Amino acid sequence: MVLILRPHTTPIGDETYLFLRQAKAQYTMEDQLSFSGRIHSFNILPQIIRWLSLNGSVQVGIIANLLMIVLGALTTLTFFSIVKTLKRTRTIAFLATIIFVLSPAFTYLFVTVNKNAFPLLLLLISMDSMLKENTRRANLALIATAAFGIIPAIVSLLSIAIYVLLKKEKKLWLAGVIIGTVIVIQMALARTSHIIQDTPIRFVQTLQTMLADMGGIFGLNIFAIILAIFGFVYLWKEKYKHSIIYITIIVFSITSIFIKDTLFYLTPLIAALAALGIEEILKIRWEIRLIENLTLLVLITGLLFSSFSHVKALTVAQPTDEIKESLEFLKEQSNQSAVVFSDITKGNWISAIAERKNVWDSNTELVRDIKERNIDFKNLTATRKIKEADKVIEKYGITHIWIDANMKKKLWKNEEDGLLFLLTYGKDFKKIYESENTQILEIER
Amino acid sequence: MKSYKLVLGVFIFVVLFRVFFMLQTPEWSDSNSYYILKNIENVKEKYAHVVYDPLSYSGRESVGSPLLYYILAPVSVIPYGIKILTSIMIATLVLITYLAAKEITKDKTAQIVAASISGFTPIIIRETLNKISPYTIALPLLFFALYCFIKMERGFYLNLFILTTAILAVLHPLAILLASGLAVYLLLAAVEGIVVTKAKKEVILFTILFVSIIELAVYKEAFIINGVNAIWNNTPMVIRGEYFRNIEIKDILVQTGIVTIVLGGIGRFLAITKETSHAFLTFSSTILATSTLLFFKVMNFNTGVTILGIAMATMAAAGFERTTQYLRLTKADKAKHIIKPAIVLAILATLIVPSYTQAEQAMAQAVTPQEKEALLHIKTTAAAHEVVAASPEEGHYITSIAERRNVMDTNFMLAPEINERYNDLTRLFTTISGKRAREVFREYNVSLIYFSDKTKRIYNESQIPYIDDQDCFRKIKETDKATVYRVKCR
């Protein structure tokens with residue numbers, strides 16, 4: 001639906017461009033464009049896309065989209081199977097699946113090329129396997145998650161830890177050991193432990209990220225949470241039996257404050273609980289029939305409203321065709337060695353569409369000097385002094401600056417604030433491209 | 001005389017009291033009324049409210065419920081229709097308080113006293129007299145919903161409660177207070193050991209969910225763009241303290257009236273100690289929820305005190321009844337024919353006199369003919385694209401009367417760079433440096449300055465410090481109350 005309604009031809013998201021770029025090339029340990037050259041954390045997803053596209057013979061974009069659709073369908077079926085096994089009623093399983101599919105996290109996960117899509121399916125498969133007492137399949141599925149980057153591996157490790165500690169069973173020890181080893185090896189290779197965000201955690205921003213209704217791009221739906229509370233009440237009758245669910249939700253919720261991708265893994269749990277919540281509401285003997293019907297109507301409307309407004313937001317999400325055109329211009333007009341400075345959220349577009357080196361991008365896993373780059377970024381965008389700007393420009397060998405309207409809104413108060421002042425009046429900066437919302441400046445040396 | 005006739009008399013008196021003042025001028029007492037008026041005109045002409053306002057903040061999106069514009073648009077065709085309708089609407093608080101007081105006490109005098117107090121609470125007069133405000137409808141709706149909740153056992157009142165809550169939720173975020181007040185009701189009932197019927201619990205749950213979805217739908221964009229600041233209406237940090245300030249007993253006493261607080265306080269004390277009826281509990285919960293929101297500074301102080309005033313007026317019925325009962329036990333009983341009317345007269349005197357003063361003050365805030373003359377001069381002489389600098393409190397005058405672009409107004413929600421704009425505007429009117437002022441003119445493309453007696457009071461400046469530079473500024477209109485300058489150099 002998002003892809004049909006979208007007025008732009010460009011794929012949605014930031015990470016999408018990283019994986020599509022990697023899928024187009026042979027795998028190497030080093031990425032020459034990201035952070036102007038770095039070791040990247042291992043992720044098998046681009047390689048899978050590459051294999052499926054017969055080494056690039058078929059357009060990787062189309063293959064990636066098809067793959068995501070298939071993954072979405074498989075995830076839905078697996079989730080349905082789990083809830084059905086747990087509850088043994090088709091209605092609840094069906095309801096839970098609908099709530100899951102309508103969730104912003106699900107929509108985002110399968111309309112972008114996302115590193116969490118495969119691991120979520122694998123985690124669900126492992127859960128399904130455990131329910132069907134197939135430990136070997138569960139172990140294999142869990143181990144496979146480690147091939148999709150450090151964050152999915154950490155989530156798997158957490159799940160295993162919760163299971164082992166609460167169930168006091170060692171069935172998943174093998175997966176735990178292998179995943180742990182993979183994480184340690186990756187960190188050792190990159191000589192850093194940087195995984196989680198360095199920026200201070202602010203309550204409001206965290207809340208906004210975690211709740212789709214407050215603007216979180218793949219946050220939780222408030223109405224699903226309200227229904228899940230009813231589900232919680234429902235399960236509380238046998239609280240000791242369901243302690244694993246409570247602990248998992250608490251652990252994943254806390255983890256998502258530091259690693260927001262955890263929200264993808266929290267969503268199916270909330271969806272299942274929300275379905276139980278609906279069952280609980282229906283079970284209650286309501287004294288006022290009108291209120292019962294209105295309450296259900298409000299909750300369902302809330303869920304739908306939340307989902308559709310999220311779909312609407314995704315259809316117009318960046319990058320737009322205008323952004324793509326400006327980056328294609330940059331590709332034509334710059335040398336292959338050019339280094340482009342922009343906001344962290346634009347880095348992957350620069351490297352994928354313009355095929356040029358970026359100063360930084362959002363794939364910050366295992367990047368050693370991320371803090372330093374963040375400080376340099378802030379200094380460069382805030383300064384009106386050419387000497388200060390030159391320091392950062394020379395440090396990273398920046399040759400071009402790419403700016404869009406979003407960046408202007410986020411970073412500067414007016415056209416003469418900070419770096420914008422230098423870009424307007426500094427003689428070293430030459431505007432080589434301008435459209436309604438984007439501009440590219442070349443640094444003349 | 002039957003009590004309902006007396007209450008009708010009070011109701012009519014309150015309406016006449018308000019209309020008497022409001023008809024003294026065709027203008028309104030705050031600039032926000034003009035913003036609402038502009039929307040009403042838009043509804044009348046184009047059958048739609050303003051979604052994108054090209055004049056406010058020199059162009060911005062609007063947010064909030066438009067229901068008020070659609071309610072008032074049909075009556076605006078009648079001369080003074082809006083003034084009369086809003087007076088009647090807010091005066092219905094008298095009838096609602098009377099009905100609620102009937103649930104609290106059987107003493108007819110006490111019921112009428114409570115109704116009269118709600119009609120003449122000074123802060124209600126100050127906040128709503130000669131102003132087009134959503135509160136003129138939202139406040140009666142809030143208290144009527146509470147009354148329906150008390151009487152909910154009868155199906156008729158349940159339907160009325162649902163209808164009232166639905167209108168309130170769509171009209172104004174005050175519905176959040178209704179929902180949180182009912183949640184507090186559940187808590188208090190549990191503490192007091194009062195049995196709450198299952199039906200009431202169901203209704204409370206529904207109200208919380210319904211209000212959440214509506215407010216989320218209306219204010220979602222505001223939350224996404226303004227984040228948590230949306231709770232404070234995105235009010236600039238410098239003046240946030242004025243809008244959302246600490247609870248000060250002195251302010252509450254002055255603004256709600258000493259009698260309201262004393263009698264309401266006795267009623268509230270009874271609610272805690274002796275009386276445990278659902279009616280008591282409902283109003284106690286509203287008072288508690290409002291006080292909590294005020295304490296955490298997430299509710300506009302004036303709005304909070306207004307609600308406290310009305311809730312306390314209702315509770316005052318019990319306070320009055322108990323006070324007169326107590327007096328009967330004392331020697332004062334011998335003069336009972338004098339004492340009761342004397343108390344009633346004292347109550348009315350302590351309310352009507354401050355209310356009259358508040359009404360006069362509210363009317364003094366209305367746009368004067370001289371100010372209007374200056375604003376109309378801008379309308380006739382300035383080009384359509386020109387930006388006029390005025391204080392935020394007068395911003396809507398620029399967009400609605402002068403029909404030109406402003407730098408900012410009091411519609412803060414979704415407004416761009418709110419703190420910077422507020423500070424820049426303050427700088428524009430107070431700096432002694434013409435150079436610094438020119439930076440502001442340049443930044444916001446200011447062509448004209450509107451400087452009135454109100455602006456002088458707001459910025460505590462008798463004139464703009466750098467305005468004597470005749471090379472840069474030319475006085476194009478001067479009246480007794482306002483001056484308009486053209487900016488020649490930026």
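All values reported here derive from a predicted model rather than from experimental measurement. Lettering follows sequence order; numbering is per chain, from 1.
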Determine whether more than 12 heavy atoms belonging to other residues, nucleotides or ligands lie under 6.0 Å from atom CZ of A:F94. no
Practice item. Please indicate whether B:F296 has more than 12 foreign heavy atoms, meaning atoms of other residues, nucleotides or ligands, lying under 6.0 Å from its CZ. Key: no
For residues 294-304 of chain A against chain B, heavy atoms under 4.5 Å, the residues are A:L294, A:T295, A:V298, A:L299, A:T301, A:G302
NZ (B:K220) and CZ (A:F305) are apart, to the nearest 0.5 Å, by 5.0 Å
Correct closest heavy-atom pair for B:E202 and A:I291 would be O-CG2, 3.4 Å
For B:K488, look at atom NZ and say whether over 12 heavy atoms of other residues, nucleotides or ligands are found less than 6.0 Å away.
yes
**Asked** In this structure, are over 12 heavy atoms from other groups packed under 6.0 Å from B:K198 atom NZ?
**Response** yes
Residue pairs passing the side chain to side chain donor-acceptor pair (under 3.5 Å) test with at least one member in residues 161-190 of chain B, sequence neighbours excluded, are B:Y185-B:H278
Contact list (residues 204-215 of chain B to chain A, heavy-atom gap under 4.5 Å, by number) returns B:L205, B:F206, B:L209, B:F210, B:S212, B:I213
Taken to the nearest 0.5 Å, the spacing of B:K201 NZ from A:I288 CD1 works out to 12.5 Å
If one checks every heavy atom of A:A212 against chain B at 4.5 Å, the contacting part turns out to be backbone
Across all chains, not counting sequence neighbours, the salt bridge (Lys or Arg N to Asp or Glu O under 4.0 Å) partners of A:E15 are A:K115
When the 4.5 angstrom heavy-atom criterion is applied to B:A222 and chain A, the contacting part is neither
